[in-house]
Amino acid sequence: MAKPNVPNYNPDEIERKWQEQWAADGLYKSDINDSRTKFYALTMLPYPSGDLHIGHWYAITPSDARARYKRMNGFNVLFPIGFDAFGLPAENAAIKRNIHPKTWTYANIDRMRGQLKSMGAMFDWRREIISADEKYYRWTQWFFIQLYKHGLAYRKMSPVDWCPKDHTTLAREQVVGEDRHCERCGTPVIKKDLEQWFFRITNYAEELLNFEGIDWPERVRTLQTNWIGKSEGALVTFKTEAGDPIEVFTTRPDTLWGVTFMVLAPEHPLVQKLTTPENQANVEQYIMDAQRQSDIQREAQDKEKSGVFTGGYAINPVSGERIPVWIADYVLMTYGTGAIMAVPAHDQRDFEFARKFKLPVKVVVQPGGSPVLEPEDMTEAVPAAGALVNSGPLTGTPGDRSFKRAVEYVTQLGAGKGATNYRLRDWLISRQRYWGAPIPIIYCKTHGAVPVPEDQLPVKLPEDVEWKPTGESPLKLHPTWRKTTCPICGAPAERETDTMDTFMCSSWYHLRYLSPDFSEGPFDPKEYDYWMPVDTYTGGIEHATMHLIYTRFFHKALRDMGITEGPEPMLQLRNQGMVLGEDSEKMSKSRGNVVAPDNLVKAYGADTVRAYLMFFARWDMGGPWSSGGIDGVSRWLHRVWTTLLEPASASGKANETAVKSLRRKVHQTLRTVTKDFETFEFNTIISAMMELMNEMAKVKPEVAGSAAWNEAADIYLKMLAPVTPHISEEIWHLMGNKKSIHLQAWPKVDEVAARQEEITLVVQVNGKVRDRIIVPADIDEEKAKAAALESEQVHKFLEGGKPRQVIYVKGRLVNIVM
RNA sequence: GCCGGAGUGGCGGAAUUGGCAGACGCGCACGACUCAAAAUCGUGUUCCCUCGGGAAUGUGGGUUCGAUUCCCACCUUCGGCACCA
């Protein structure tokens, strides 16, 4: 094995040693430095669930490697870490084990901090944040108050999704699946009416659709765009016979003359008034059924249309026709106005409803080229645009203008206007939970909801509470906590007992990293001016429609208050994929396919785990773990160790071509590694490095000791440093260097050395490769073609015939077409 | 149903975006070292073959001198949304 004077590669020992040394040297302190360009690399902060799992390693270590690469490129890099420490799992776990959520959470943080340190990442631990710390949530509460003062936080009674097991309100995004179950525990959710706090994220719907100037993955932009769900149409007001307005949103104002009935959501406020006595019983029954339906598991997608007639009528404002008003659960109170105009001829859902309840179908659009539509013959709706028919004064309007003319017409009539509707709803932030930041509001009999004065923040979360589930907000049950006085009049008053959604905490954590101990405000403006915006944000795609929309909204809202600057908080976003178990299934304890990083680090060392995670899959795709695959990476690092450290066995006579070809390979590799770091293509960084090591090991007997060899070793270690920081530091020092490798500059490509002097020209006949010839790289077209035609291999296939065409692709191939 | 990914050897994956398909690694086979094994090193490894070649990147078509790459249709699969008016 190793020669006597070369130590064995012992990852455990050197990793521990260097981690301590780096900490002692303060190697990774990131401070403002006006003489250097900043780079803010942010990775999504973990939730302290107990142990760091392989997914954390997969998200964090390649991000760390890239941050290190940026640092070696001269940037002053900030790569901070912290813990998203409030939230439901702490309460669930605490209940199960009968320990206080705070105890559980902070114990987990201590363990995970140690595990994070074992990664050897370049975190500046002075900047660590924990969102459950008082010094943190003081400012979460402060932001709530700013949003409140600027009219962006409001309270309303609202039917909310409620998990009967977790006893908490769920956001729409926390209710998943066709059966609408709780994201965390899988229990089907029920509805409950509660007074809740909301943020007006919908004010920013339009701006959130604009991704100009930020480099975010297409996928995330599409997810967010669909989530916001913009549609253009018109708001049109129908009137009941009693004169009450029923406003509807339609994307097809051109079909207004085709309305044959209206449908209200069962919860619509006008239902009671519209319902005639003889329909009362039916309507009430239907509303009850509909409510239960949302309570019980909902049936599959192709549910039969259901509904009942209220007995009431409305007047079509454009035609004056008398329109029957129905209620049905396919109309949702939460989208649009909770009422629709039904045009069965041109909308499939309305069509099915009309057929089922024998309501009339009236054709008002005749698509060009198809036979004249006859309502009684139709088997489905015809949603296409076309010239208007049976449409009063608009009859004959061509399809490309009918939308616009219809909007103009209802506007003139005073019966409506063009409108934009969004699927996005305001952000519900109230949680009837203990382990969160208390909402800093005081309710006074005289003054209503009063924000807690800023100098009284934080509103501290009491520790002596009953945090086990009772169905009430735990803070409500505390004997004294809620009792306080009104900040305005001093009269006895009560605190809000709900806490905030943890997405609120994570909407601004990137700002707190800037100055975690700052007490004059949420962040030190000096730090903000230097570090913001975030240059690269990395994390999971699962946050596309939650955290990543909330944090954009937050930034924009704060910008409008003059707290932040610029249109967006994060300039570039990249998502990593997921590491699956060896069985290609999602890792889970019940499947028994969980890969524990701690064990891997023990067995192979952190460097190997880091490199393997970068190597085994495309980072944005992820894939199944392979316990055999990691051996290949481990072998490679051992090879790096011995190849660079063991003295050459034979006395090398460095011949010129060997030196040249080594230098060429080194600089070509440097070029691709540099490019791949920029583009997050981590897997090909490792394979290029492996390839170069294979080459170096091969030529070592010839060139070891030469200047070219020393240069190769130097560049190799610097390229390795971001990926595997410990082994590269150790070899670097064993080779006699004194200063840390992590303070070295990224090497520059020597373009002359990298230049290929000879190339392999592929010679094809009719598109099939028949020969490969070595030619000078700068060969011109004439010579290349001539050389190709001279090839004996080619002659065999030409069979004496004359080429019809000869195609030359510079530096690549000649294709002879017969 | 709609939107968006993905489909390449036994396996994970590469391919400068229209130009040598299968880099790199795993696995496997053979060899060297060893009494032996492990480790290490070396060689080979898409399939078929009559050893001349031929076929092949989910399937079928198209454009092109040339297609993993572009276009059309379809299949499989993974995510997201879903009675959105």
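- Of the side-chain N and O atoms in A/Arg423, one or more sit less than 4.0 angstrom from OP1 or OP2 of B/A82.
- When both pairing distances are held under 3.5 Å, B/A23 makes no Watson-Crick or G-U pair with any nucleotide shown.
- Look at CD on A/Glu585: it is 14 Å from P on B/U77, rounded to the nearest Å.
- Where A/Gly628 and A/Ser231 meet RNA chain B, the nucleotide closest to each residue was compared, and A/Gly628 sits on the side nearer the 5' end.
- Across all strands shown, B/C81 forms a Watson-Crick or G-U wobble pair with B/G1, both key distances being under 3.5 Å.
- Remark: B/C49 base-pairs with no nucleotide; criterion is Watson-Crick or G-U wobble with both hydrogen-bond distances under 3.5 Å.
- Across B/G19, B/U40, B/G54, the shortest atom-to-atom separation from the side chain of A/Lys768 is found for B/G54.
- Both A/Gln805 and A/Glu691 lie close to RNA chain B; mapped to their nearest nucleotides by heavy-atom distance, the more 5′-ward contact belongs to A/Glu691.
- Taking the six-membered ring where tryptophan is involved, the planes of A/Trp326 and A/Phe357 are tilted, since the angle between them lies from 30° to 60°.
- The nucleotide B/U59 finds its pairing partner in B/A73, both defining distances of the Watson-Crick or G-U wobble pair being shorter than 3.5 Å.
- Put simply, A/Asn683 has no side-chain N or O that comes within less than 4.0 Å of OP1 or OP2 on B/G25.
- For B/G7, the base is anti relative to its sugar; the glycosidic angle deviates from 0 by more than 90°.
- Nucleotide B/G52 is shown with a syn base, its glycosidic torsion being within 90° of 0.
- The shortest distance between the side-chain N/O atoms of A/Lys785 and the OP1/OP2 oxygens of B/C65 is not below 4.0 Å.
- Atom C1' of nucleotide B/G4 and atom CG of A/Leu223 are separated by 7 Å, given to the nearest angstrom.
- In this structure, B/U50 shows a glycosidic angle more than 90 degrees from zero, which is the anti conformation.
- A side-chain donor-acceptor contact under 3.5 Å links A/Thr672 to the backbone of A/Thr669.
- Below 30°, between 30° and 60°, or above 60°: for A/Tyr612 and A/Phe615 the angle between ring planes is between 30° and 60°, a tilted geometry.
- Between the P atom of B/G25 and the CZ atom of A/Arg618 lies a distance of 21 Å, rounded to the nearest Å.
- Listed nucleotides B/G12, B/G13, B/G53 differ in distance to A/Arg770; the shortest reach to its side chain belongs to B/G53.
- Summarising the geometry, the separation between CG on A/Leu235 and P on B/A85 is reported as 13 Å, rounded to the nearest angstrom.
- Ring orientation note: the planes of A/Phe682 and A/Trp619 are nearly perpendicular, at an angle over 60° on the 30°/60° scale.
- Counting only heavy atoms from C-beta on, A/Phe615 has its side chain closest to B/C24 among B/C83, B/G27, B/C24.
- A donor-acceptor contact under 3.5 angstrom links the side-chain atoms of A/Arg772 to the base of B/C20.
- Taking only side-chain atoms of A/Tyr335, from C-beta outward, the nucleotide of B/G25, B/G19, B/C84 with the closest atom is B/C84.
- Under the Watson-Crick and G-U wobble criteria, each requiring two contacts below 3.5 Å, nucleotide B/G44 is paired to B/C28.
- In this structure, CD of A/Gln756 is placed 13 Å from C1' of B/U16, rounded to the nearest angstrom.
- B/G18 makes up no base pair with any nucleotide shown, lacking Watson-Crick or G-U wobble contacts both under 3.5 Å.
- Figure legend. B/G66 is base-paired to no nucleotide; pairs are counted as Watson-Crick or G-U wobble with both atom distances under 3.5 Å.
- With B/C65, B/A85, B/C81 as the candidates, the nucleotide lying closest to the side chain of A/Trp227 is B/C81.
- Spacing between atom CZ of A/Phe616 and atom P of B/G12 amounts to 12 Å, rounded to whole angstrom units.
- Between A/Arg221 and A/Glu218, at least one side-chain nitrogen of the basic residue sits less than 4.0 Å from a carboxylate oxygen of the acidic one, meeting the salt-bridge criterion.
- The backbone N or O of A/Thr202 sits less than 3.5 Å from a side-chain atom of A/Asp426, completing a donor-acceptor pair.
- If you measure from atom CH2 of A/Trp636 to atom P of B/C26, you get 12 Å, rounded to the nearest angstrom.
- A donor N or O paired with an acceptor N or O is found under 3.5 Å between the base of B/U16 and the side-chain atoms of A/Arg812.
- Atom CE of A/Met621 and atom P of B/U8 are 10 Å apart (whole Å).
- Listed nucleotides: B/C24, B/C83, B/G19. Nearest to the side chain of A/Leu332: B/C83.
- Among the protein residues, A/Val248 comes within range of no part of the nucleic acid, since none of its heavy atoms lies under 4.0 Å from any strand.
- A/Glu751 and A/Arg755 are not joined by a salt bridge, as no carboxylate oxygen comes within less than 4.0 angstrom of a charged side-chain nitrogen.
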